Asks: 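This is the structure I want to talk about, given as structure tokens.
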Amino acid sequence: MRWEVQLLPAADASPGDPDAVQPVLLPEPSTTEDQADSRAEPAFAVRHPRSLGLLWWVSLLVVGLDQITKALVKHVLPLYSSRTIIPGLMDFVHVQNAGVAFGLLNDVVHPQRNLLTTALALVALAGIGYYARQVGPSERMARVGLSLILGGAIGNLLDRMRQGFVVDFVDMYWRDWHFWAFNVADAAITIGAVLIFLELLTPKAHASHSV
């Protein structure tokens, strides 16, 4: 806002006295530029940190489904037994994985293996939280992917902290070739990673904005 000095008659001036005036400071009429400046964000405004771009209900759904299916497998199938679901393609098995996803590090014999795998899971959760703050609301595939990964990581982490291993039960195979046994949490992590990769390949999600 700008101010200007105007000379106005004094309150006690007698009529006809041209010298009986006093300076008065009055604001100038506001202009469009002034209105724009008033709407501008102040330099000292507090900027709140960006919230996590996650769909929490997706993560909770993955955790719930993962824990329920593992409990059913332990209740129905004895350890190391199997049941054919799709002949020549998929069986349900009951195996214990003391490593990380898809049986990695399962054959490593070390007294601190459980501590190592738990630490890796916690580091992964921290990475998910950091990356989630960089995801914008319009990046829907990335948000869903991160939510799936978070749910899968929490599901497997709960097993490691509670019992020192993770139950895997899906055995995909073709003739003599077998994929690593996995569970719902592993599947959610894999699907989430694919969605994030597809989001990165989408030009509109990362195109530069015109100034």
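Counting from 1, the numbers follow the sequence of the chain as shown. As the structure is a prediction and not an experimental result, all values here were calculated from the model.
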Asks: Please check if Ile149 and Val123 belong to a single hydrophobic cluster, counting links between Ile, Leu, Val, Met, Phe, Trp and Tyr side chain heavy atoms closer than 4.5 Å.
Replies: no
Asks: Where the side chain of Ser147 meets the backbone of Leu54, is there a donor-acceptor pair that is under 3.5 Å apart?
Replies: no
Asks: Taking atom CH2 of Trp177 as the centre, does the number of heavy atoms from other residues, nucleotides or ligands within less than 6.0 Å exceed 12?
Replies: yes
Asks: Could you report the tightest heavy-atom contact between Ala188 and Val62, atom names first, then the distance?
Replies: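 Answer, listing the atom of Ala188 first, then Val62: CB-CG1, 3.6 Å.
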Asks: Is there a path of hydrophobic side-chain contacts, each under 4.5 Å between heavy atoms of I, L, V, M, F, W or Y residues, that connects Val58 with Leu60?
Replies: no
Asks: Could you walk me through whether Thr69 and Asn183 satisfy the side chain to side chain contact (heavy atoms under 4.5 Å, CB included) test, starting with their C-alpha distance in whole Å, then the side-chain angles of each, then the deciding distance to 0.1 Å, before giving a yes or no?
Replies: CA-CA 8 Å; Thr69 53; Asn183 52 43; 6.0 Å; no
Asks: Calculate, to the nearest 0.5 Å, the distance between atoms CD and CG belonging to Glu139 and Leu146 respectively.
Replies: 9.5 Å
Asks: Treating Ile, Leu, Val, Met, Phe, Trp and Tyr as nodes and any side-chain heavy-atom pair under 4.5 angstrom as an edge, say whether Leu150 and Leu122 lie in one connected cluster.
Replies: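 In one cluster with Leu150: Leu122, yes.
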Asks: When you look at Phe179 and Val170, which way does the side chain to side chain contact (heavy atoms under 4.5 Å, CB included) test go after all the steps?
Replies: CA-CA 9 Å; Phe179 191 72; Val170 181; over 6 Å; no
Asks: Among Val135, Leu195, Ile196, Leu148, exactly one meets side chain to side chain contact (heavy atoms under 4.5 Å, CB included) together with Arg143. Which residue is that?
Replies: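 Between Arg143 and the candidates, side chain to side chain contact (heavy atoms under 4.5 Å, CB included) is satisfied uniquely by Val135.
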Asks: Around Tyr173, counting heavy atoms of other residues, nucleotides and ligands shown, do more than 12 lie under 6.0 Å from its OH?
Replies: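 More than 12 heavy atoms, drawn from other residues, nucleotides or ligands, come within 6.0 Å of this atom.
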Asks: Can you give me the closest heavy-atom contact between Ser82 and Val93, atom names plus distance?
Replies: CB-CG1, 3.5 Å
Asks: Could you tell me the separation between the CD1 atom of Ile85 and the CE atom of Met172, rounded to the nearest 0.5 Å?
Replies: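 CE of Met172 is found 11.0 Å from CD1 of Ile85.
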Asks: For Arg162, give me all partners under side-chain hydrogen bond (donor to acceptor under 3.5 Å, both in side chains), at least two apart in sequence or on another chain.
Replies: Gln67, Asp159
Asks: Taking Asp91 for the side chain and Asp171 for the main chain, is one N or O donor matched with an acceptor at less than 3.5 Å?
Replies: no
Asks: What do the steps show when you test Phe182 against Asn97 for side chain to side chain contact (heavy atoms under 4.5 Å, CB included), and what is the final call?
Replies: CA-CA 9 Å; Phe182 60 95; Asn97 174 18; over 6 Å; no
Asks: Tell me the closest heavy-atom pair linking Ala185 and Asn156, and the distance in Å.
Replies: CB-OD1, 3.5 Å
Asks: Say whether Phe169 and Val95 are linked into one hydrophobic cluster, either directly or through other cluster members, by side-chain heavy-atom distances under 4.5 angstrom.
Replies: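 In one cluster: no.
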Asks: Which atom pair, heavy atoms only, marks the closest approach of Phe92 to Leu77?
Replies: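 That closest heavy-atom pairing would be O-CD1, 3.6 Å.
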Asks: Specify the closest pair of heavy atoms between His94 and Val167, including all atoms of both residues, with the distance to one decimal.
Replies: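 Closest approach of His94 to Val167: CD2-CG1, 4.0 Å.
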Asks: Please list all pairs passing the salt bridge (charged side-chain N to carboxylate O under 4.0 Å, His left out) test where one or both residues lie in residues 74-86, with sequence neighbours left out.
Replies: none
Asks: Could you please spell out the steps behind the side chain to side chain contact (heavy atoms under 4.5 Å, CB included) verdict for Gln96 and Val166?
Replies: CA-CA 6 Å; Gln96 296 177 353; Val166 173; over 6 Å; no
